[in-house]
Each structure stands twice: as structure tokens, then as C-alpha cells.
Amino acid sequence: MTTRIIGLGQRAAGDDAAGLAVLEALRRQGLPDDAEVVEARDTTALVSLLQTPSTVVVVDAVLASPPGEVLELSPSDLAAGAPVPVSTHGLGVGQAIELARITAPDRLSPDIRIVGVSIGGRRAPSGDPEPRASDEPGLSPQVAAAVPRAAARVLSFLGG
Amino acid sequence: MSAETRTIAVDYLARVEGEGSLTLVIEDGRAKEARLSIFEPPRFFEAFLRGRGYAEAPDITSRICGICPVAYITSACRAMEDALGIELGPELRALRRLLYCGEWIESHALHVFLLHAPDFLGYPDAVAMARDHRDWVAKGLAIKKAGNAIVALLGGREIHPVNTRVGGFYSAPSRADLEGLLPELRAGSERTRACLSWMATLPCPELDRPYEFVALRSDDVYAITEGRLVSSGGLGIEVRDYDAHFIEEHVSWSTALRSRIHGSGSYLCGPLARFNLSFDRLLPEVQDAARAAGLAVPCRNPFRSLLVRLVEILQAFEESIRIIEAYAPPPAPFVAPPALRAGTGYGGSEAPRGFLYHRYTLDAEGTILDAKIVPPTSQNQLSIEEDLCAMSPSLASLPLREATARAEQAVRNHDPCISCATHFLTLRVEEAPR
């Protein structure tokens, strides 16, 4: 059954594009026939993309330190306040998953996995974000170095 | 003196993170001062547009916002077309309007269903609302998806479209491509009608504000992509005369500029302004739907903007359907500039949250020498602060938690700039020193 790999992020926002870079790495190295990759720049789009009988792997930049770590999170981790995936606007990834679960529980993927690439800047208790690894165009070196490892982690879920 | 602070996380567009805050200074139960502090990235864009080619402006400025990139693209294109003497034919104008309808649908739906409606029902967010109102939230998401589908088809992708350019589009869709959208648009229209009927029954705070409304107005259609700039105070000007009538000012507590009308004061742009100034330009059945929802002109209660946005979504769906049904592909996907020339161009369009003004000065090679961008949120900032002052007697009498919720709701009435308005405020209530 096809595994759906969803990358989140914006290329114009520096390390926020980590999820998209992982998709590009996967495309370059070639994916098995039973996998599809989808880019989502809007987390509300995630709600419908999670409606599939297949495994879904969401790949996103994550506000966590140190930058360049590859993290594996579950939807329940997000609900419990684990490192915060960087969303483009409005909805967080955890909220989008929860909305998908509530609005269409019978169509939600039974197996949602989240691969995060940490980009620094874990949110402080005050709510003020620490400086992130990079807002400059392109990925910072630490985050770029993590992309192949994140791609390998995604691949490890395929056909498993 | 007493001071309490509530800090809530914010998600901001080009910077991904950011924070807005609202400070109310209350004296004897009334607001002495309301300060809305917001961070507005567009100012930086004006500086780094200088030295760029004219054709780059739509793509660059579309990056200012992930929610209303089509508004930036359209205003920038209109300004460049004005500077270079480019006239679009009716087919390309219709396509541009269709693209904009898509953005209206997706932006308004995001705001109505995921950000604003929870306020009216007493939920902290859309997820909590969805637990009790699953079908309505699902309808909202389906409505938004239909808007995204228009933008994706015409713009090449849902966010930051890549198929648009000065003079039109890189490629024009076939009639068959567009007709493929019709079932989803018709369903979206029906869903919107149902949601409008339902939301019209929600409890709505009372407030009547003497706004001066400002919006584009067209001769024959509900103004979106073009028109004259008019106001309820009697203003009626071409977009190119904007600078002679509106001024921007710095205030110490905000990185956004605030706008005023010369010789007057605050004004309001956005859905409420458009509705009041162009109700007669709405399609007849949309006017009927608005009346059935209890809306009438003048509507000066900002909390009613929830319903007005649904009316505008309905208008956008119905217009989109009509544009597609009447569609004939343009002779060419774009109109090339006759020749580059030095000069200044002016462009304005109705972004989901209000009038968006662009002005560019070009040299003879088409290089941008100067740029000015005035987004709707900075124009509305003063009115938002005045809303809070007007509400202060009731806010002062409420417990802080309820006052905060009501103040946030009041700010959200105007969908300020970014869709992250859910939980974007730090509310600080201060007693004035005596």
C-alpha cells in the first residue's frame, strides 16, 4: 500500500524548508513504487492529506535544540507539548492531525509518523522564541547535514 | 496600580514567529488608551525591491504573506501595468478575478472557521470547537479546499503562485481544466449558504462604531481587482491619488505604520467596508442571502464581519462559477509591455482583509527606483485601537480572562494581517496612574 510522505515548510524561510529538502533528497535517490511525496505549504492542507488508509510520514522543521538532530515524533507527542514543528500559518501540525481525527475519524491514516529536523530555537516558557539556526535563504550547515539522515529515517518506514 | 499579563504564542508569516500585544490603559472604568502593537514585514520589502526589475515585483511581494499572496501579486501587477501602459483584455481580467476569488475563499474560510468562529461559541480554538461541531468545521475545511483548488489550478500552486506575471499569466488554463472545478465550487457555495444560516444564529456582541469605510468600488461588479477608491465620508478618487489623501505615521509601540485620512482620522477597510460601500454590487442572490442572515446596510458592528466574510465567500463562489461558465481562453496568456519607460505606477486591489496599495517608480530600463506598499492591517490599526476604547466600559467590568477573550475577539474581527490571530495577543490591562 502506498506510503504518503508529506513535507512541510517554506523555501523562502531558511531552515523552515528542512522538510522540503528531505523530500528533494528522497526524490533524487529514487523512491520505491509504493511511496508518494507531497509538499504542503499550508497546514490546513494536511487535514485532507492525512485521510488515507496508508501510512503517512510528515517531515517538518522542528523548533528544538541543538540544530541538526533528526527526531521521530508521534501525534501524541505533539499533543503533549514535545518540540514544536514549525508550521507556516495558523494551525500547528498537532492541531491539523487532531482536526483530521475529529472531522473524519474513519478516514484518518492508522499510522502517522513525524520526522523532524531540529533547527534550534525551542520556544521558551515565556513564549518568546530563541533565535533559530537560520532565517537566511537556504539551509544552515547543521540542518543541511541532517537532511540525508532524515531521508534515511523516512525510508526506514517504507515497506516496513 | 495593578497589572496582569497573559502571554500567548504567535506564529508570524515571513518570520514564522513573532508577537503582537495589546495594552489597554483603563481609568475610572474607561479605556484611556489602547495600543495595538504589531510587527509588519512589508516595510523591509520596500527597501529591497529597489534595484530589482519591474517584472520581479509581483513574485517578491507575494512573499509578504502566505495567506494573501494573490492580493500582493495583483496590486503589484496593476501598478506595473499602470507604469508601463499595459491594458489587459476582458479574458485575462476575468482570469485574474477568478484567481483572486480563490484567495478570498481560502483566506476568509481559514479566518471564519478556524480562527474567528470559536470566539462566538466560547471555544479556545478550532480543535476544541470541532469536537462539538465536527460537521461545521469539516464544511469550513472543504470550503477552504475549494478556494485552494482555484489558486492551485490558475496559479500553479496553492501558496505563492508561480503562474502569474505582469500582464497576465505564463499560461492560461483550458476551459476543460476550469470546468473540472465546477462541482467542488457548486458544493462550496451550498456549504457556505448553510454555514451563513447557522452562524447568523450565534450570539453576537453589540457594538456600533462610526467608521469611515474605505474600499474600491467598481461600476458593474463587487470590487476586487480594480475600481475607484471611495469612502463613506464622501471620498471618491483614483487609486493613483491615494498618497494625496492618506498618510502613514509611526507610533512608538508598533513596527507597523498607522494610517489616517488627511484632515480626518481613522478609517476601516476590509469586508465590512466593501459590504457597506458596494452592497448593491453583490449578485442579487448573494444580497438575498445576506438579508436572510440579518445583515443590512449600514452594518457598523465589527463583530458582524464574521457573517460578512461568509457573504463574500458566497459571492466569490458564485462569481467563480459564472466566470468559468463564460470562459473563453484569452488570445495570449499575457500582454507584453509596449516598451519600457520611466515613470510611476499605482495599483490597488481588495485583499481579503482590505485595500492593498502599491506604488512603484521605474527608470527607463524598468528598474525599480522606489516602492511603497500599504497593507490593510496598518490601515486598520487605528480603528482596531478605537474599537477597544469603545468597548472599554464593558471590558473594564469583566474579569481579566473574559476581558482578554473579548478583546482578542474584537481584534480578530479585522483578521489582522496574518491568519495566526488565534492566540496572538499579550493583553496588558493597566490602571492609569493617578
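- By the salt bridge (Lys or Arg N to Asp or Glu O under 4.0 Å) test, B/Glu106 is found to be paired with no residue, residues two or more places apart in sequence or in another chain being considered.
- For residues 95-108 of chain A, the set of pairs meeting the salt bridge (charged side-chain N to carboxylate O under 4.0 Å, His left out) definition, not counting sequence neighbours, comprises A/Glu98-A/Arg101, A/Glu98-B/Arg131.
- Neither the backbone nor the side chain of A/Ala96 comes within contact range of chain B; no heavy atoms are under 4.5 Å apart.
- Among residues at least two apart or in separate chains, salt bridge (charged side-chain N to carboxylate O under 4.0 Å, His left out) pairs with a member in residues 142-153 of chain A are A/Glu72-A/Arg153.
- Contact record, B/Ala126 with A/Leu99: O-CD2, 3.9 Å, taken as the closest heavy-atom pair.
- Scanning residues 133-143 of chain B against chain A with a 4.5 Å non-hydrogen threshold yields B/Arg134, B/Val137, B/Ala138, B/Leu141, sorted by number.
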